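Because the structure is a prediction, the values reported are computed rather than measured. We use all heavy atoms of the structure for the numbers below, so side chains are in, but hydrogens, waters and symmetry mates are not.
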Amino acid sequence: MDSAPSNHSERLITIRNPHGLHMRPAVEFIDRANGFASEVQVQKGELIVDGKSIYQITQLIAKFGTELKLIVKGTDAEQAIEVLAEILERESYDNDVQAAP
Amino acid sequence: MDIIKGIGVSSGVATCSAVMLDAEDYRVPRRTVANPQIRREVMRLRDAFLQASQEVSTLQIAQADLDNKIKDIFAVHLHFLRDRTLRKRIAELIRRQKFTAEYAVSVTMRDIAKNFAQTPDSYISERVNDIYDIEKRLLRHLMGSRREDLRHLTEPVIVVAHDLTPTQTAAFDKQFVRGIATDAGGRTSHTAIVARSLGIPAVVALNEVTQRVAAGDTIIVDGNRGTVIINPDAAAVQEYKKYAAAIVEHVHELGGLALLPAETKDGTRVTLHGNIEFPYEAQITLQKGGEGIGLYRTEFLYLEADHEPTEQEHYQAYMDTIQICGQRPITIRTMDLGADKFTQKRLTSPERNPFLGLRSIRYCLQNQSMFKTQIRAILRASVHGNIKIMFPLITNLMELRQAKWILAEVKEDLEEQQIAFDDNLPVGIMIETPAAALIAEHLANEVDFFSIGTNDLIQYTLAVDRVNETVASLYSPAHPAVLQLIKQVHRAARRANIDVHVCGEMASELEFIPVLLGLGYTSLSLAPPMIPEVKKLIRSVTLSYCRGLARKVMNFDTDQQVTNYLRAELQELIDEVAGDKR
């Protein structure tokens with residue numbers, strides 16, 4: 001992996017789901033992130049967390065309107081950032097209504 | 001050995017191993033380990049994560065056909081349990097702070113939960129419960145069988161909890177609970193009531209007992225002195241063995257009273273009834289010399305089941321009680337839910353001030369079909385025994401009329417369906433608000449009896465939350481305002497020539513018995529195990545003494561004066577009785 005060409009991609013993202021980045025999308029996000037070889041990080045202000053850890057992602061408390069920076073480093077970074085950014089930027093997730101408390 | 005002082009709310013002594021009750025407020029004691037044990041704690045942590053995640057995947061497979069919502073919850077749990085960075089963070093805490101695995105898990109998960117809870121966005125803050133669930137799951141694996149479900153006890157235990165909720169006590173396996181110790185609570189908290197009704201020692205308001213006791217510790221609960229001893233030394237165990245034996249002897253002596261009447265020395269007959277929650281307690285009431293049931297709290301029908309009780313379930317419970325009591329009177333109080341009991345969960349938004357909110361009769365009048373179900377069952381049972389119906393928390397005449405109107409409606413329905421009921425079923429109300437006490441004169445014209453619920457009456461009169469330990473000391477039956485109201489209610493009842501009873505905790509507090517007798521009350525309903533003690537006291541006084549005492553007490557202007565005086569008088573009475581024996 002280290003011998004492969006390494007890429008570094010970053011993207012600024014605003015959470016558009018009215019319910020924020022709640023458990024369902026967070027689970028989907030880390031599942032997909034774990035499928036990539038690249039290192040995935042998400043930054044909110046000063047706080048940078050591991051994008052492959054559910055516990056760390058949920059600690060971001062990303063609500064509607066929260067700005068995040070997605071940072072992906074690795075061989076499949078370009079592909080990964082597209083997939084992962086899409087999840088974060090989605091305006092609604094399946095079952096949002098049912099999953100609502 | 002560690003001694004904590006609290007308030008003894010139910011007498012007796014028990015020495016047993018402790019179980020920690022599963023509750024929201026459950027806290028794992030802060031414990032540290034010696035250096036060589038750190039590795040072992042980290043291993044235990046790893047195993048707990050492993051076992052917990054296996055457990056969840058099994059659940060997930062077993063319940064594959066469940067709806068997505070539950071599957072999502074399992075998925076979230078599984079992700080957390082498989083999160084290496086989470087486990088690392090906890091392991092770090094063990095290594096650096098030398099915490100036990102349990103404490104490290106608890107600290108970390110609570111930290112995460114706190115972070116969630118701080119966000120005002122309810123969609124995220126609600127996730128706190130997931131975190132607590134995961135914490136509990138991990139703790140369960142760490143603590144293994146030491147922290148059991150109270151439903152499945154196999155050996156005697158002392159229950160240690162922050163505070164018991166009615167739902168928790170409803171689920172107890174009472175056979176094995178020998179004592180209770182709680183952080184919170186007061187003399188009239190739910191814990192105290194339950195403990196007294198079961199006749200097991202209890203100490204409340206211990207502040208931090210849940211933090212100082214670990215599951216499996218041996219503890220002594222001394223309900224007489226209001227102390228809890230954690231991991232007693234050999235000398236303490238020995239002392240308490242003797243003490244417990246002495247108590248047993250005393251109880252045995254009281255047992256001899258069961259067949260004697262509750263009568264003052266100068267021949268005034270007092271009726272002693274039992275307050276019960278479950279039909280089987282009627283049996284205890286009779287054994288202890290009670291002459292009937294003065295307060296049948298029916299909430300427990302609602303709390304035990306996972307559904308609203310059906311008419312048949314109500315009917316069956318009442319019939320079970322009738323079967324035990326025969327033709328002795330049974331006063332059934334209609335559902336008194338709300339406030340600290342379960343209706344909170346059913347409301348869409350939590351009430352800001354539940355004790356002043358939609359509880360008790362108010363809830364019933366707004367949920368008439370539920371209310372009618374219970375009334376139908378009471379009416380159907382009324383032909384088989386000596387049943388009376390009682391409405392709680394009446395604050396004005398309209399509520400009473402409305403409740404009676406619903407009762408009349410149900411009667412009409414039964415008549416139409418040709419189902420038998422007692423048309424003369426006596427109807428009474430609880431007097432438990434200052435409002436009801438002050439308009440007792442008017443209320444008395446429209447009911448067959450009053451029953452004073454002193455716990456709520458005191459709480460509402462003095463504006464004191466009886467469970468809040470920071471103000472619990474302000475809660476006192478001896479407050480002149482309370483005594484005035486109690487006096488007034490009796491006068492109103494006497495003028496209207498209706499029955500009047502006292503069914504609150506005050507009726508089982510020995511120092512107040514002579515005052516109640518002196519004010520004219522001759523019918524008391526109390527926790528069954530207290531009946532012999534109260535009877536013994538009644539048999540040691542004269543009515544003229546009680547009247548004099550009541551007159552004197554009504555002239556005091558502070559509750560301290562009243563309390564001090566009554567305690568001194570009680571002590572004298574006890575000494576006299578002991579002297580008589582010698």
Side-chain angles (χ1 to χ4, degrees), chain A residues 14-36 38-68 71 84 87-88 90-101, chain B residues 49 52-53 56 60 66-93 104-105 107-135 138 345 347-350:
Chain A
T14 306
I15 298 290
R16 299 192 184 286
N17 182 311
H19 296 306
L21 182 65
H22 55 80
M23 284 295 186
R24 260 183 64 81
V27 165
E28 186 181 347
F29 182 90
I30 66 123
D31 278 348
R32 296 305 303 265
N34 276 297
F36 293 107
S38 297
E39 184 190 341
V40 179
Q41 291 179 318
V42 186
Q43 182 172 2
K44 176 182 144 187
E46 308 263 281
L47 178 67
I48 302 177
V49 303
D50 181 348
K52 295 188 177 185
S53 154
I54 181 75
Y55 133 70
Q56 296 195 33
I57 284 286
T58 53
Q59 289 304 88
L60 289 172
I61 316 273
K63 293 178 283 192
F64 177 74
T66 298
E67 288 176 348
L68 299 174
I71 307 158
L84 298 175
I87 298 172
L88 294 183
R90 234 182 268 164
E91 285 182 20
S92 76
Y93 306 99
D94 297 345
N95 293 331
D96 262 353
V97 180
Q98 279 128 300
Chain B
F49 265 88
S53 62
V56 178
Q60 219 176 12
L66 280 178
D67 66 39
N68 286 331
K69 206 164 138 189
I70 296 176
K71 267 194 257 170
D72 279 350
I73 292 172
F74 283 145
V76 168
H77 283 208
L78 210 50
H79 278 85
F80 269 87
L81 292 169
R82 286 178 178 160
D83 193 327
R84 290 223 177 114
T85 71
L86 173 63
R87 207 175 79 201
K88 250 196 195 147
R89 178 175 155 183
I90 301 173
E92 245 344 78
L93 209 53
V105 163
V107 166
T108 307
M109 298 310 275
R110 267 151 208 272
D111 199 41
I112 294 172
K114 208 166 75 195
N115 200 2
F116 279 139
Q118 274 163 359
T119 155
D121 191 333
S122 74
Y123 208 70
I124 293 174
S125 65
E126 288 278 324
R127 299 305 107 188
V128 167
N129 290 332
D130 283 319
I131 303 297
Y132 282 138
D133 272 358
I134 296 167
E135 180 200 3
L138 285 169
K345 289 184 199 125
L347 294 174
T348 41
S349 59

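The shortest non-hydrogen separation linking A/Gln56 to B/Asp83 is N-OD2, 4.4 Å. In this structure, A/Asp50 and B/Thr85 approach most closely via the heavy-atom pair OD2-CG2, 3.9 Å.
To the nearest 0.5 Å, the span separating NE2 on B/His79 from CD on A/Glu28 amounts to 10.5 Å. Here the CD-CG distance, from A/Gln59 to B/Asp111, works out to 7.5 Å after rounding to the nearest 0.5 Å. Note that the OH atom of A/Tyr55 and the CE atom of B/Met109 stand 9.5 Å from one another [nearest 0.5 Å].
With a 4.5 Å cut-off on side-chain heavy atoms, A/Ile54 and B/Val76 do not count as touching.
Taking a 6.0 Å sphere around CZ of B/Arg89, one finds it holds more than 12 heavy atoms contributed by other residues, nucleotides or ligands.
Residue B/Arg82: no heavy atom, backbone or side chain, is found under 4.5 Å from chain A.
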